[in-house]
Amino acid sequence: MADSRPGEQEIVFVGQVDLGGVFRGKGVLGHEWPYRCRWGVGWPPANLMLTPFGTLADNAFGARGDVFIVPDPATLTEIAAAPDEPPVRIALGHLRTRSGDPWDCCPRAFLEAALADLEREAGLHLKGAFEHEFLYTGLEHRLGDPFSLSAFRRIRPFADRLVAALARAGVPAETVIPEFAPQQVEVPIVPAVGIAVADRSAVLREVVRAVAQSFGEHASFTPIGAPGGVGSGAHLHFSFLDGAGRPAAWDPASETGLSSVAASFVAGVRRRLPAMVAVTAPTVVSYERLQPHRWSAAYNTLAVRDREAALRICPVRPGTGRPEAEQFNIEFRATDGAANPHLVLALLVRAGLEGIRDRLPPDAPFEGDPDGLPAADLARLGVERLPTSLPAALERFAADGRDLMPAALADAFLGVKRAELAELDGLAPDELVRRYRAAF
Ligand code: GLU
Ligand code: MG
């Protein structure tokens, strides 16, 4: 990301994605930048309890206390949405206590600790990228749109500006695609390593929103944009590098293509997945997306090249000029653009590292359609239907997923989500979807 010093009178927005999935923080003036990189910006602990709709969940912090969002200078970058508008400079930060230690409730610190453990215990670095789908009001829907040249031509000015703005923000796009659903667009990006995987997702969402706004339009990462509509995911493609930077996830001799360590990691994720989805698919409408036959993930399956799997082994192709070991990656599909990317990645790493510690054997890849299989068959195959609603997912997380997180962070997350549920209680599907579309 760009790292030049901000102008003296320029406001740099310092923040992070919060537990509700919204990028929040405060601005600092450029002439104070070096000082602010140490001091941070003051942040009432209660702000942690904001729901995606900007209301405050009940909490014990009240008006008291202070934590600090301390910018990470390596993340300083800019959102340049339109050629005739000055760019907005932003930086991601850590939540720190007054003594400077990471606060237990900081999602970025949680991810950093998980990645450090993965490196220390397994010698692995995570490489990956979130692949976002979103709804863009500037793509007026016409019959026959999915993947069509006609739709592409109509989003071309938006796509060009988006590619340029993403490059400038340090989040290089691979392409921009008109997707399957009405008004749906997808942006795959170039993979990064470590915490940057999540940072890039956070920045990408803001760049997309800003570029849409520069056209007088709106982009939303809501998992569902209309009652009964097609879902939008934020699939996480990932693989591993060893200490020397060599690909470590691939073994062409195995049944799935996974190396033994990657297979244990994936088995660990699969084992914990039903208890994790509250975090990775965190809204009421996320569960409309996570249904069978919607090309998302309704079961905790690992499968080879199957878009209904929670963990999909992606294809590699020989003779393309790029080694297969470098192409090989796993796609985690049970997540969406309303989730906090740092929490998603941290939970994935925590669950996967457990699998490595427990030396879980490779899972046999699932074949066929789990929907409609008798419960006994599913149990025999070690496959489970994921929770079918946010309340059920939160209950499952509270019962056997929360130990993956620092206790205070898990409590805060549950508090925010329960307040969100209470706020939406009894709303008609149209209104529910409208609120999520506006919030994300
Ligand atoms: N829109 C689908 C989802 O909700 C994904 C379609 C695809 O495979 O790209 O995850
Ligand atoms: Mg897609």
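All values derive from a computational prediction rather than experimental measurement. Start at 1 and go down the list; that is how both ligands and their atoms are numbered. Residue numbers start at 1 and run along the sequence shown.
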Numbered atoms of ligand 1 (with element) below 4.0 Å of Trp295, judged on heavy atoms: 2 (C), 3 (C), 5 (C), 8 (O), 10 (O)
Partners passing side chain to side chain donor-acceptor pair (under 3.5 Å) against Ser260 (at least two apart in sequence or in another chain): none
Beyond-backbone contact of Trp295 with Val230, side-chain heavy atoms, under 4.5 angstrom: no
Atom 6 (C) of ligand 1 [closest protein heavy-atom partner, distance rounded to 0.1 Å]: Glu133 OE2, 3.4 Å
Arg402 NZ/CZ over Phe397 ring centroid, <6.0 Å and within 45° of normal: no
Any Leu241 side-chain heavy atom under 4.5 Å of Leu126 side chain: no
Atoms of ligand 1 close to Arg307 [distance to a heavy atom under 4.0 angstrom, numbered from 1]: 8 (O)
For Gly233, atoms of ligand 1 separated by under 4.0 Å from a heavy atom: 3 (C), 4 (O), 10 (O)
Pick from Glu131, His235, Arg294, Arg333: the one approaching atom 10 (O) of ligand 1 most closely through a non-hydrogen atom: His235
Whether Glu131 has an N, O or S atom under 2.8 Å from the Mg ion (ligand 2): no
Residue pairs fulfilling salt bridge (charged side-chain N to carboxylate O under 4.0 Å, His left out) with at least one residue in residues 111-122, sequence neighbours excluded: Asp117-Arg120, Asp117-Arg350, Glu121-Arg357
Contact check: Val230 vs ligand 1, nitrogen or oxygen atoms, below 3.5 angstrom: no
4.5 Å side-chain heavy-atom contact, Arg435 and Phe53: yes
ring-ring contact (aromatic ring centres under 6.0 Å, His included) partner of Phe221, the single match among Tyr136, Phe440, Phe134, Phe130: Phe134
Minimum-distance atom from the Mg ion (ligand 2) among N, O or S atoms of Glu179: OE2
Residue, atom name and distance, where the atom is the protein heavy atom closest to atom 4 (O) of ligand 1: Arg289 NE, 2.7 Å
Atom of Glu133 closest to the Mg ion (ligand 2), considering N, O or S atoms: OE2
Heteroatom distance test (Glu179, ligand 1): nitrogen or oxygen, under 3.5 angstrom: yes
N/O donor-acceptor pair under 3.5 Å between Gln16 side chain and Leu92 backbone: no
For the Mg ion (ligand 2), the closest N/O/S atom belonging to Glu186: OE1
